[in-house]
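One structure is given here, and the rest of the page talks about it.
Being a predicted model, the structure only gives us computed values, none of them experimental. If you read the sequence from its start, that first residue is 1, and numbering goes on from there.
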Amino acid sequence: MAYKVILTDYEFENLQYEEEVFQNSGLDIEFIKVQCKTEEEVIEHAKDADAILNQYAPVSRRVIESLQNTKIISRYGVGVNTIDLDAAKEKRITVANVPDYGMEEVSNHALALLLSWARKVTLLNNEVKKGNWDFKACVPIHRFNEQTVGVLGFGRIPRRLIEKVKPLGFKTVAYDPFVSGEEMAAVGVEKMELDDLIRHADYLSVHVPLIPDTYHLINEERLSKMKRNAVIINTARGPIIDEKALADALKKGIIAGAALDVTEEEPVSINNPLLEMDNVIITPHSAWYSEEAMIELRQKAAKNIVQVLSGTKTPYALT
């Protein structure tokens with residue numbers, strides 16, 4: 001039996017890793033690559049597909065309801081906000097992601113952003129390049145063991161981040177309504193409610209998925225409760241933070257700074273006021289990246305499809 005697999009969109013130079021997985025699967029797979037931007041384009045190309053491989057193109061309810069034969073939608077990455085999970089579940093279509101491919105990379109990137117702020121490396125570099133050779137440009141800096149790192153979410157990535165910051169001396173606290181205080185305490189982390197965590201954290205690192213309940217989770221009200229020396233680090237999804245409220249809080253000195261790998265609009269608009277602020281570090285949604293992580297991501301996303309088309313269940317199934 002021949003299977004039709006549609007790749008809705010991609011930004012890789014070639015597709016050798018996906019093609020190798022499909023060629024070595026033992027299945028007769030026709031792998032079709034397109035570059036869809038809209039629902040209409042996805043419907044046109046994927047309506048009779050047996051499987052869909054997805055990066056950023058919208059796989060909405062309308063798209064899913066048009067699908068005639070699809071057994072699995074596999075997405076590159078951890079987040080699945082491009083896919084309507086409820087609609088897929090109703091049609092008994094498996095949705096799978098790759099939740100573990102970038103655990104080291106994202107936790108390392110969050111750590112790098114945190115340390116850059118904790119020692120004000122980026123700020124000092126910029127000052128020196130302006131001709132200002134003076135340590136007072138970074139005043140104040142505090143010892144790590146006098147500061148608290150708070151994480152929003154307690155999944156794979158924030159747990160790994162905590163494993164990396166604890167030996168440096170930071171106190172660690174976490175918020176996750178789905179993880180017990182006992183489980184956190186077992187790894188030396190104090191569980192707090194969200195607003196308590198926000199009040200205590202010197203560094204607030206965001207690691208929750210983007211779902212309706214987390215959209216603008218960090219808003220004007222919560223920003224107002226943070227320490228004036230606090231720094232927000234976001235390597236999750238941009239819309240978890242209300243950027244207008246964040247820019248206002250930074251401008252008014254309500255919090256000290258932000259280090260963002262993600263923004264509400266990507267690519268970030270050149271007119272975004274955050275780009276004009278010296279107390280903001282922004283990287284281009286690159287936390288996930290290493291050569292090894294990229295290969296793992298692409299292979300596992302393709303293997304999700306092979307497993308389901310072979311009649312077995314992928315361990316990364318969400319529906």
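Annotation: side-chain contact (heavy atoms from CB on, under 4.5 Å) contacts of Ser310 (sequence neighbours excluded): Leu27, Val306.
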Quiz prompt | side chain to side chain contact (heavy atoms under 4.5 Å, CB included) evaluation trace for Ile198 with Ile218 | solution = CA-CA 9 Å; Ile198 283 171; Ile218 304 301; 4.2 Å; yes
Quiz prompt | Criterion salt bridge (charged side-chain N to carboxylate O under 4.0 Å, His left out) on Glu127 and Lys136, from CA distance to verdict | solution = CA-CA 10 Å; Glu127 288 297 313; Lys136 291 191 289 294; over 6 Å; no
Exercise. Begin from the C-alpha positions of Met184 and Asp176 and carry the test side chain to side chain contact (heavy atoms under 4.5 Å, CB included) through to its verdict.
Key: CA-CA 10 Å; Met184 291 185 187; Asp176 192 318; 3.8 Å; yes
Exercise. Check step by step if side chain to side chain contact (heavy atoms under 4.5 Å, CB included) holds for His207 and Arg159.
Key: CA-CA 10 Å; His207 300 282; Arg159 291 185 194 216; over 6 Å; no
Practice problem: Assess whether side chain to side chain contact (heavy atoms under 4.5 Å, CB included) is satisfied between Asp202 and Phe170, documenting all intermediate values. | Solution: CA-CA 10 Å; Asp202 297 288; Phe170 290 102; over 6 Å; no
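For CD of Gln35, the number of neighbouring non-hydrogen atoms (other residues, nucleotides, ligands) closer than 6.0 Å is greater than 12. Residue Arg62 qualifies as enclosed at atom CZ: its count of foreign heavy atoms under 6.0 Å is above 12. The neighbour count for Gln68 CD, taken as heavy atoms of other residues, nucleotides or ligands under 6.0 Å away, is above 12. For Lys225, the NZ atom counts as densely surrounded, since its 6.0 Å shell holds more than 12 non-hydrogen atoms of other residues, nucleotides or ligands.
Both Val308 and Phe31 belong to a common hydrophobic cluster when Ile, Leu, Val, Met, Phe, Trp and Tyr are linked at side-chain heavy-atom distances under 4.5 angstrom. Residues Ile29 and Leu7 are members of one and the same hydrophobic cluster, defined by side-chain heavy-atom contacts under 4.5 angstrom among Ile, Leu, Val, Met, Phe, Trp and Tyr. Connection of Val78 to Ile305 is established within a shared hydrophobic cluster, with ILVMFWY side chains joined at heavy-atom distances below 4.5 Å, either directly or through further cluster members. Linking Ile, Leu, Val, Met, Phe, Trp and Tyr whenever their side-chain heavy atoms come within less than 4.5 Å puts Leu67 and Val80 in one cluster.
For the pair Ile162/Val187, no side-chain contact is recorded, criterion being any heavy-atom separation below 4.5 Å from C-beta on. Counting only heavy atoms from C-beta outward, the side chains of Arg143 and Gln147 never approach each other to under 4.5 Å. The closest side-chain heavy-atom distance from Leu161 to Ser205 is below 4.5 Å.
Checked for salt-bridge contact, Asp248 and Lys251 miss the test: no charged N lies under 4.0 Å from a carboxylate O. Under 4.0 Å is where a charged nitrogen must lie from a carboxylate oxygen, and between Asp50 and Lys4 no such pair does.
Counting all heavy atoms, side chain and backbone alike, Ala301 lies closest to Val98 at N-CG2, 3.7 Å. For Leu111 against Lys164, the heavy-atom pair with the smallest separation is CD2-CB, 4.0 Å. Minimum interatomic distance between Ala88 and Ile64 (heavy atoms only, all atoms of both residues): N-CD1, 3.8 Å. When all heavy atoms of Ala118 and Tyr203 are compared, the closest pair comes out as CA-OH, 3.1 Å. In plain terms, the two heavy atoms of Gly77 and Leu297 that are nearest each other are N-CD1, 3.0 Å. Across every non-hydrogen atom of Glu264 and Pro239, the tightest pair is CG-CA, 3.9 Å.
To the nearest 0.5 angstrom, Ile73 atom CD1 is 5.0 Å from Ile93 atom CD1. Taking CD1 of Ile157 as the reference point, atom CG of Asp100 lies at 9.5 Å (rounded to 0.5 Å). Here the OG1-CG distance, from Thr319 to Leu85, works out to 6.5 Å after rounding to the nearest 0.5 Å. Atom NZ in Lys191 sits 8.5 Å away from atom CD in Glu182 (nearest 0.5 Å). Interatomic distance, Ile240 CD1 to Ile232 CD1, rounded to the nearest 0.5 Å: 11.5 Å. The line from CD1 of Ile255 to CZ of Arg222 is 14.5 Å long, rounded to the nearest 0.5 Å.
Without hydrogens or angle criteria, Thr70 side chain to Ala49 main chain gives a donor-acceptor distance under 3.5 Å. Remark: side-chain polar atoms of Asn234 are paired, donor with acceptor, to backbone N or O of Arg237 under 3.5 angstrom. Side-chain atoms of Ser25 come within 3.5 Å of backbone atoms of Phe22 as a donor-acceptor pair (strictly under, hydrogens ignored). A donor-acceptor pair under 3.5 Å links the side-chain atoms of Asp9 to the main chain of Tyr56, judged by distance alone. Side chain of Thr214 to main chain of Leu217: no donor-acceptor pair is present (N/O by atom type, distance under 3.5 Å, no hydrogens or angles). The backbone N or O of Gln307 lies less than 3.5 Å from a partner atom in the side chain of Thr312, making a donor-acceptor pair. Side-chain atoms of Asp84 do not come within 3.5 Å of backbone N or O of Ser60 as any donor-acceptor pair. No donor-acceptor pair closer than 3.5 Å links the side chain of Asn219 to the backbone N or O of Asp242. Using a distance-only test at 3.5 Å, with no hydrogens or angles considered, a donor-acceptor pair links the side chain of Arg228 to the main chain of Gly253. In terms of modelled atom types and a separation under 3.5 Å, the side chain of Lys71 and the main chain of Gly311 share no donor-acceptor contact.
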Under 3.5 Å, which donor-acceptor pairs do the side chains of residues 271-287 form with other protein atoms, sequence neighbours left out?
residue, atom, partner, partner atom, Å
Asn272, OD1, Leu274, N, 2.9
Asn272, ND2, Glu243, OE1, 3.0
Asn279, ND2, Ala256, O, 3.1
Thr283, OG1, His109, NE2, 3.0
Thr283, OG1, Asp261, OD1, 2.6
His285, ND1, Glu266, OE1, 2.7
His285, ND1, Glu266, OE2, 3.3
Ser286, OG, Asp261, OD1, 3.4

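Ring orientation note: the planes of Tyr101 and Trp288 are tilted relative to one another, at an angle of 30° to 60°.
Across Lys33, Lys303, Arg298, Lys300, a single residue satisfies salt bridge (Lys or Arg N to Asp or Glu O under 4.0 Å) together with Glu18, and that is Arg298. Applying the ring pair (Phe, Tyr, Trp, His ring centres under 6.0 Å) test between Phe12 and each of Tyr17, Tyr76, Tyr289 identifies Tyr76 as the sole match. Among Val231, Leu223, Leu152, the single residue meeting the side-chain contact (heavy atoms from CB on, under 4.5 Å) criterion with Leu204 is Leu152.
Among residue pairs with one or both ends in residues 86-96, those qualifying as side-chain hydrogen bond (donor to acceptor under 3.5 Å, both in side chains) are Arg61-Glu90; sequence neighbours excluded.
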